[in-house]
Structures are given as structure tokens and as C-alpha cells.
Amino acid sequence: MDDQTLRNMELEMRRGVLTLSVLSQLKTPRYGYSLLQRLADQGMDIDQNTLYPLLRRLEKQGLLDSDWSVEGNRPRRYYVLNDQGREALQTMTEVWRDTTAVMQRLLDSSDFGEDVDQ
Amino acid sequence: MKVHWIERYIQAVGEHLPAKERQDIEEELRSLLLDTLEDRTGSSGPYDDETVLAVLQEFGPPRETANRYAARPRYVIGPALYESYLHITGMLIILALIGQAVAFVIQIARGDLQAMAAVSASIGRAVSTVVAIVGWTTIIFGAIQYFSKPEEQPGEDSESWDPRELPDLRGEERISRTESFFGIAISVVALLGANFLAFRLGIYGDAAPDPSLAFVNSDAVSRLLPWWNLIWAAGLIHEAALLIKGRWNRAHRWQAIAIDVASMALLIVLFRSELIISEQFLALGGPEQAESLARAGRIVPAALRGVFLGAMAFTLWDLIENIRALAARRL
């Protein structure tokens, strides 16, 4: 398997958790760049060209509210979870925990362990 | 001269965005770019060209950035074709309506048709023509959109893209093609109506080629007609020039202001609608006339005043908008 295929698989896996990552950090209002940095600080690097369209999509889906606010002399758009978003976050968090528990069991299973050991 | 790379980039991204979302996404993109620059340099600007260009290079080709923002990657008619679609549809509608208007005027002039019957038939024909044109152009453009493959322009792939090749910033405001076509259509109707139809409006006797009782005062209308023609022709040329240019500039704004002022002056004269209505028709309002005729004699001048008042309000609004745009250097 070449590096490109591996990279694509990694990207695909990360893409699946982006929405939950973003929702988890928007219980308080944040503008895009501060969210980008907060995610990066915690090890979740997202390309800026990916994050902003994602925020817009989540807003269109009715999970986020946004509002322009002027700081200094520059307007910034703040995003925050609304009621529907909080509900979605709670549900997705439960799904995530169930999934990671299942994955943990799968990865810890003897077959995989034997393959790795070899 | 300072090169506004960020604005150039935003302008280039905006070219690929749907009109409805363009302004919102452009503002958000500007905010993101400035936040990124502030973070990189630790200052709120100004930023040197090298830093700005490096950030733009990271953001990638404008078309790619726009595609990420676009709510739906597939359209019936996408942004690349949409302006042409509006352009061609509008042009076809105008040409078809002009053809029908000319045919209508000729038929009326030859006395082939009864005025009221001809008007209702013409309205029906015009509506079905517009619907047919919109339908066919939509189908054709939809088919072009469906079968065409997105073409990558030179230098637009991520590796070879260079922000230094971004097109110059146009210090002009985009025009609304729909408004321009509407303006052209109104100008054509106003010119044709005043020159060919106004003198033929009236009450007709049996099979008479000319009205036995004309609505308009021929002398007064003939005196005002050159001014009317001058203003509407100037408006028509102005709209056509805007459409070709695609953007406002200061000269266009000044032209629009001059046309608005001249229109306002003429509308104030026309507001005294008694000037342009024939004396015989005005006399219909007298008590000695039959009730229906007397009512027509009262209603028509009042309705005309209402039309001119509405036109004055619209012209004043347009004038204020043009002055505000000029003052704000929004061009």
C-alpha cells in the first residue's frame, strides 16, 4: 500500500470526526479563526478552507447560530450551538463513545493483536 | 502603488460564487484572511506583500476556495453560465416583445384591430412568448451545464497557482444585469409608447383610422416629446453601456445622476397632467356629459398624476442611491 492511499484513509477517518470536533467547541461563541486555533491546540488540525464551509453548512442545517460582532475595527462572525445543536452534540457524543468502545474491543481482539505481533 | 492582494483574491473567489451568497462569503473570507495574517505577524497590519502572498498561496486557487464554500456543487445552471443565461434570455425577451409591439402598432395603425381586443390579445401573446423563451433557454442552458465538464483555467491547479497572477482589482461595483435589462426594456417601451402609441390613444368612431376623441394634447406632447426622447435615449445608451462594461465607474454614476435630474425636471412638468391631455377629453369631466364619460374625464388625469408621482418617487430614490454610492466611493 502506498503512502498516498494511507494518507487518504487517514484523511477520510479525520473527516468523519470533524463535525463532532467543531460542535464540541462551540458551547460558547467563537469566531472561525479562534476555533481553528483551539482545535489545533488540542491536536485537531483543520484546514481553514475546510472549517469555514463546515461552519456554514452546520448553520444551514440549523445546528449553529451566527452573529457578526465588531472587535477593534474589524467585524468577526461568531458561531455558537443552538438548542438543536446541543441536542445533536449530545447524541453524537453518545454515538462516539459507543463507537470508540466497540473499536477498542475490536482493536484489542486477539486476531489483530497476533497480526501486529507478527 | 499599493496592491490590494487580499481584495484581489476575494474578488477572484467571488467570481465563482452564487450571487445570493457572494457578499456573505466574501466578508467571511476577508475576516479569515485578516485573522490569519494577524496571527502570523502578531500585528493588525499593515502587512507586507510577501506575507500576504504566502497566506493566499496557502488558501489555494480562488476557484477551489469558492467550490469549498458553495452550498451545492451541482446546479441546474451554475454561476459560470448564469450571467450568460440571464443575458441571452433577457435579450431574446426584449427582441420578441419589441417585434410584437411593432406588429401591434402596425395593426392598430391600419385599423385591422379593435383597440381593446388587440390590447388583451397582445398581453396574452406577450406572456406566452416570455414563458416560452424562459422555458427553452432554461432547458438549453441546463443541458449545457449538465454535459459540460469543469475546465481548469491556466495556473489554477494548486501547485502552479501564483497569487501574483490575480487579476487587477476593479474599483467598480458589479452591475445587476437583471436591473439593466429591466431598464432597457422600460426605455424601449417608453420611447415606442410615446412616439407611436400616445397619439393613437382615444375614443374611436366606427372603422375610423384616427381617434374621434384623442386623449393627448398633440401640441403639448409634440413640444415635450424631444425632451422625453432625449432623456429616455440617454437612459437606454447608459444602460447598454453599463451592460457591456459590466461594472459601475464614476463616469457612469455621474451620467446616471444627470439622467435622474433631467427625468425629475420633466416629470415635474408632466405631473401637471392637464398639459398633455387634450382639452376635449378634459371637458368630459364637465357636468353636462354622460356619467361614464364624465368619470373617465376625471379618472384619467388623476391616474396619470399618480403614475408620474410614482415615477418621481422612483427617480428620487435612484438619484439618492447614485449620490450615496458616489459619496461612499462605492462607485
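Please read all numbers here as calculations on a predicted model, not as lab measurements. Chain letters run A, B, ... following the sequence lines, proteins first and then strands; every chain starts at 1.
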Using every non-hydrogen atom in the two residues, find where A:P75 and B:S31 come nearest and quote the distance to one decimal.
O-OG, 3.6 Å

Between B:L29 and A:Y52, does the side chain to side chain contact (heavy atoms under 4.5 Å, CB included) criterion hold? Intermediate values first, please.
CA-CA 8 Å; B:L29 186 58; A:Y52 276 74; over 6 Å; no

For A:R56 and B:D24, what are the C-alpha separation, side-chain angles and deciding distance, and is it a side chain to side chain contact (heavy atoms under 4.5 Å, CB included)?
CA-CA 10 Å; A:R56 294 178 67 84; B:D24 194 43; 3.0 Å; yes

From CZ (B:R68) to CG (A:L51), nearest 0.5 Å
12.0 Å

Taking CD in A:Q4 as the centre, count heavy atoms belonging to other residues, nucleotides or ligands within less than 6.0 Å. Is the count above 12?
yes

Taking non-hydrogen atoms and a cut-off under 4.5 angstrom, which of residues 83-105 of chain A neighbour chain B?
none

Greater than 12 external heavy atoms within 6.0 Å of A:W68's CH2:
yes

Can you tell me if A:Y33 and B:D39 form a side-chain donor-acceptor pair at under 3.5 Å?
yes

Starting at CG of A:L55, measure out to CD of B:E28 and round the result to the nearest 0.5 Å.
7.0 Å

For B:E21 and A:K60, run salt bridge (Lys or Arg N to Asp or Glu O under 4.0 Å): C-alpha distance rounded to whole Å, both residues' side-chain angles, the deciding distance at 0.1 Å, then the answer.
CA-CA 12 Å; B:E21 295 180 276; A:K60 277 189 179 167; 2.6 Å; yes

Which atoms of B:E27 are under 4.5 Å from chain A, going by heavy atoms: the side chain, the backbone, both sets, or neither?
both

Between CZ on residue A:R76 and CG on residue B:D35, distance to nearest 0.5 Å:
4.0 Å

